[in-house]
Amino acid sequence: MSTAPAPDPGPVLRRARAADLEAVTRLDDVATGMAKPDYWRDIFARYVRRRRAGRHFLVAEAGAEIIGFVVGEVRAWEFGSPPCGWVFAVNVAPGWREAGIGGRLFHEIGDRFRDEGVETVRTMVSRADTLNLAFFRAQGLTSGPYIELECRLEER
Amino acid sequence: MWLQKSSLFALYAVLELAREPDRRLATADIARTYDISAHHLAKVMRTLVRAGLIESVRGAGGGYRFAGNIARVTLFDVIELFQPLEPEVDPSLRHAVGATMIGGALQAVNAEINELSLATLRSITLKSLLKHAPKIDTPMAG
């Protein structure tokens, strides 16, 4: 009697490692059109090499290829905001989009935030960035009780 | 942004059809469920057909069915068929709004509010709205 092959579990989610730096930098470059190697070296130094409670950097891996990532941290008491999970980067390789990878990454980091005792997850996205806005809407995020404000410094 | 009656009726119809894409519904069914004018809704349905969001099915069991891409069509795509989505200033006052310092500042506030509204409408697909809608089922014939 032959045994049916086990179904492919799909990409694996795991903590980012130092060796993922180049792949993550490249993924971000493809998505944003702007290479930021210094920024990602700094993020890896703070979120991967010096691991601290409340900081999470997860990647999705298919075979040996990094096909997505999400980064976030628990932030607290900014203008009275109780501790909440902040997601400040999420990305999936173009060829892997609409396969649920981004949703799995977001769900996983949300679980880790919840394990640390926070009840809310928050992010900030450009209102021109319809791709990421639609992604976060699809995850159930709506406008929150805080408003982002800014001005050009010379206009103060 | 003020949601006009036709836009609201269109959203009712498109979302009701999109939540079960294989189902066919008559205008009267949708009008009854949402307690709205069937006559007005019929006009709205014709616009939605022309836009390719729904299609008319003839014969027994006919009616309308969803014809768009539920994961791509946004609330903005539906509403813009029925009303202009631009900053709202009373047309009779438009000549004055940009001509003074205070008028210009108020116009900037209005544009800011409008940009937020448009970004919100562009970011919500029919699929997202239906997925996160409160689970209050409406009895629907069809």
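First the proteins, then the strands, lettered A, B, ... as listed; each starts at 1.
- Put simply, the side chain of A:F69 does not reach to within 4.5 Å of the side chain of A:L58, judged on heavy atoms.
- The pair A:R26-A:E22 meets the salt-bridge criterion, since a charged nitrogen lies less than 4.0 angstrom from a carboxylate oxygen.
- Atom CD1 in A:I66 sits 4.5 Å away from atom CD in A:E61 (nearest 0.5 Å).
- For the pair A:R41 (side chain) and A:K36 (backbone), a donor-acceptor distance under 3.5 Å is absent.
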Distance-only donor-acceptor screen, chain A against chain B, under 3.5 angstrom:
residue : atom : partner : partner atom : Å
A:E98   : OE2  : B:R72   : NH2          : 2.5
A:R127  : NE   : B:E115  : OE1          : 3.0
A:R127  : NH2  : B:E115  : OE1          : 3.0
A:R137  : NE   : B:S123  : OG           : 3.2
A:A138  : O    : B:K131  : NZ           : 3.0
A:A138  : O    : B:H132  : NE2          : 2.9
A:G140  : N    : B:H132  : NE2          : 3.2

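- Minimum heavy-atom separation, A:L133 to B:A119: CD1-O, 4.2 Å.
- In this structure, B:F82 has its ring center at least 6.0 angstrom away from the ring center of B:F9.
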